[in-house]
Amino acid sequence: MRWTLKPKPSPEKVKHLANELKVDELIATLLVQRGIETFDEARQFFRPSLDDLHDPYLMKDMDKAVSRIETAIENGENILVFGDYDVDGTTAVSLMSSYLKSFYPNVATYIPDRYDEGYGISYKGIDFAEDNEFTLIIALDCGIKSVDHIAYANDRNIDFIICDHHRPGDMLPEAVAVLDPKREDCSYPYDELCGCGVGFKLVQALAQNRNQTIEDLIPYLDLVATAIAADIVPITGENRVLAKFGLEVINSNPRPGIKALIQNLKKKVLTITDVVFIIAPRINAAGRIKHGNEAVALLTEYDLDQAEIFASEIEQYNSDRKDLDKQITVEALSQIEENNEKQKFTTVVYQENWHKGVIGIVASRLTETYYRPTIVFTKSGDKLAASARSVKDFDVYNALEACAEHLEQFGGHMYAAGMTLKEENYFAFKEAFENEVEKTIHPDLLTPEISVDAEIELSDINERLIRILNQFEPFGPQNMTPVFLTKKVKDTGYAKAIGQNEEHLKLFVKQNGSEGFGAIGFGLGDKLELVKNQNPFDAVYCIDENEFNGNVTVQLRLKDMRS
């Protein structure tokens with residue numbers, strides 16, 4: 001594990017902001033590191049407002065999209081809302097379909113089958129639309145590269161509106177409207193929206209057209225916040241506003257489907273992290289194990305009793321998914337051992353009977369063991385399909401682009417991607433990918449990094465600091481929970497390894513006679529020797545509040561320790 005202390009921002013900027021906000025320099029430093037340098041930027045950061053959302057009509061083609069939907073409604077056309085089977089796709093389909101159905105009945109949804117149709121717009125989906133007389137398809141979280149599919153639909157007099165957030169290829173599909181803030185010719189002020197976020201902008205534009213206000217759309221924000229959390233997009237700008245207000249909906253008045261998923265939790269207030277680890281995997285499990293339609297059924301159900309039935313089925317899929325990903329991870333790790341591939345720059349593994357629904361999770365698990373770009377393949381029809389995961393600061397999409405001659409198709413972004421190839425090209429691709437990564441990756445990136453915001457003393461931790469840090473939420477990419485370094489702390493003789501296999505470490509630390517703090521190190525049980533006999537050590541940690549039996553105490557959540 002390497003520790004990297006973030007560069008200290010300019011002292012002038014820090015001083016100026018500290019004076020403007022009347023906060024100490026530590027808080028000002030953390031803000032400037034996040035790109036917040038003025039009073040107004042700080043106000044927007046600490047007090048996000050729905051008024052901060054951009055005008056949806058700033059997005060290229062938005063006027064065309066709204067006009068085509070209004071025409072369809074006027075003419076009584078059938079509208080098909082089409083989206084991918086992951087969390088971003090199913091929340092986006094649930095959002096768009098439930099909004100349209102609130103004033104127009106002729107709306108249906110379509111989620112492609114992960115195994116039969118694969119990712120994105122499918123010919124089978126377009127055939128379904130033709131057979132059932134749908135003349136307009138709104139595609140969410142997919143479609144930006146579906147040039148041939150859109151041409152196929154155009155030949156059948158089916159119009160497409162695309163709402164996507166992935167990087168476009170060289171050519172845009174010939175759809176009626178292509179909404180994607182990552183289009184070169186789109187000057188929309190914020191291009192980090194997820195697919196559901198782009199769908200929300202279309203809903204916002206339709207709402208404006210119908211004299212509705214942003215207040216009317218608040219009930220849909222639980223879906224948007226769930227997608228933002230699951231898709232790991234930056235929690236900055238517009239995403240921060242949508243995530244904050246969406247979390248408020250999740251915590252106060254969520255839709256029945258989400259309520260059914262979380263009502264048995266002990267936690268009363270969920271954070272973005274809880275959404276990532278509790279809500280998102282369950283919604284994802286439907287598409288992984290059964291079908292993405294089940295997630296849409298849950299998220300668009302208005303009857304709580306029925307939602308509870310759907311939620312218990314999804315709970316079972318999630319349990320099956322956990323068993324599968326454990327088993328496949330074990331098989332993949334032994335494949336790496338058998339092939340003597342522990343020392344490579346990449347992990348590329350394949351077995352034809354691995355469950356396609358969990359290979360993305362397995363890729364993430366393998367990245368935790370061998371920290372390097374990872375691809376897990378399985379058989380899918382007459383081709384191989386795969387999920388890729390990357391390591392911090394390495395663009396796996398670019399690496400795949402360099403190996404494109406071996407691939408049938410691929411798509412995704414910097415840290416995660418999907419692809420298909422012909423079985424006979426597997427070994428050539430595996431070699432090309434290894435060579436490309438070896439050539440382009442900086443060796444440092446192959447060691448996990450803990451990025452440290454600031455070095456502090458334990459005496460700097462007080463109620464005011466914690467109160468202000470709590471207002472940094474919601475946390476996520478580009479606004480991560482602050483990580484601190486404190487040197488020469490000592491355990492007070494309390495340290496012990498805890499957990500079933502003694503894999504965690506619990507201690508009580510002090511520094512130079514300061515007030516002491518409880519500390520917990522998940523997965524750090526092997527560091528017990530380091531802290532015994534009150535040996536001084538350096539620690540990197542986040543500051544948590546731990547609630548037990550109604551008492552709230554400050555706790556350090558240790559990320560790593562060194563003598």
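Bear in mind that the values here come from a model prediction, so they are computed numbers and not experimental data.
Under the rule for a side-chain contact (heavy atoms from CB on, under 4.5 Å), the partners of Thr4 that lie at least two apart in sequence or sit in another chain are Arg2, Glu449. Judged as a side chain to side chain donor-acceptor pair (under 3.5 Å), and not counting sequence neighbours, the contacts of Asp116 are Lys124. Contacts of Thr109 classified as side chain to side chain donor-acceptor pair (under 3.5 Å), with partners at least two apart in sequence or in another chain: none. With sequence neighbours excluded, the residues that form a side chain to side chain donor-acceptor pair (under 3.5 Å) with Lys6 are Asp453. Under the side-chain contact (heavy atoms from CB on, under 4.5 Å) criterion, Pro9 pairs with Val14, Thr29, Val32, Gln33, not counting sequence neighbours.
The salt bridge (charged side-chain N to carboxylate O under 4.0 Å, His left out) pairs that include a residue from residues 282-302 are Arg282-Glu315, Lys290-Glu294, where partners are two or more places apart or lie in different chains. The ring-ring contact (aromatic ring centres under 6.0 Å, His included) pairs that include a residue from residues 168-189 are His54-Tyr188, where partners are two or more places apart or lie in different chains. Judged as a side-chain hydrogen bond (donor to acceptor under 3.5 Å, both in side chains), the pairs with a partner in residues 90-102 (not counting sequence neighbours) are, in order, Tyr99-Gln212.
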Per-pair distances, 0.1 Å, donor-acceptor, side chain in residues 476-483, under 3.5 Å, sequence neighbours excluded:
residue	atom	partner	partner atom	Å
Asn479	OD1	Arg34	NE	2.7
Asn479	ND2	Phe472	O	2.9
Asn479	ND2	Pro474	O	3.1

Which pairs would a plain distance check flag for residues 218-229, meaning a side-chain donor or acceptor within less than 3.5 Å of a matching protein atom at least two apart in sequence or in another chain?
residue	atom	partner	partner atom	Å
Asp222	OD1	Arg255	NE	3.0
Asp222	OD1	Arg255	NH2	3.3
Asp222	OD2	Arg255	N	2.9
Asp222	OD2	Arg255	NE	3.1
Thr226	OG1	Asp222	O	2.8

Distance-only criterion, 3.5 Å: show the donor-acceptor pairs between side-chain atoms of residues 440-448 and protein atoms not counting sequence neighbours.
residue	atom	partner	partner atom	Å
Thr440	OG1	Glu436	O	2.7
His442	ND1	Asp444	N	3.1

Let me check something: any side-chain donor-acceptor pairs from residues 167-178 under 3.5 Å, sequence neighbours excluded? List them with distances.
residue	atom	partner	partner atom	Å
Arg167	NH1	Asn398	OD1	3.4
Arg167	NH2	Asp395	OD2	2.9

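No side-chain N or O of Asn470 forms a donor-acceptor pair with one of Arg467 less than 3.5 Å apart.
Smallest separation of non-hydrogen atoms from Thr236 and Tyr190: OG1-OH, 2.7 Å.
The aromatic rings of Tyr541 and Phe484 sit tilted relative to each other, their planes meeting at an angle between 30° and 60°.
Heavy atoms of other residues, nucleotides or ligands lying less than 6.0 angstrom from NZ of Lys13 number 12 at most. Around the CZ atom of Phe46, the shell of radius 6.0 Å holds more than 12 heavy atoms that belong to other residues, nucleotides or ligands. Enclosure of atom CD in Gln471 by more than 12 non-hydrogen atoms of other residues, nucleotides or ligands within 6.0 angstrom is indicated. Environment of NZ in Lys244: crowded, with over 12 heavy atoms of neighbouring residues, nucleotides or ligands closer than 6.0 Å.
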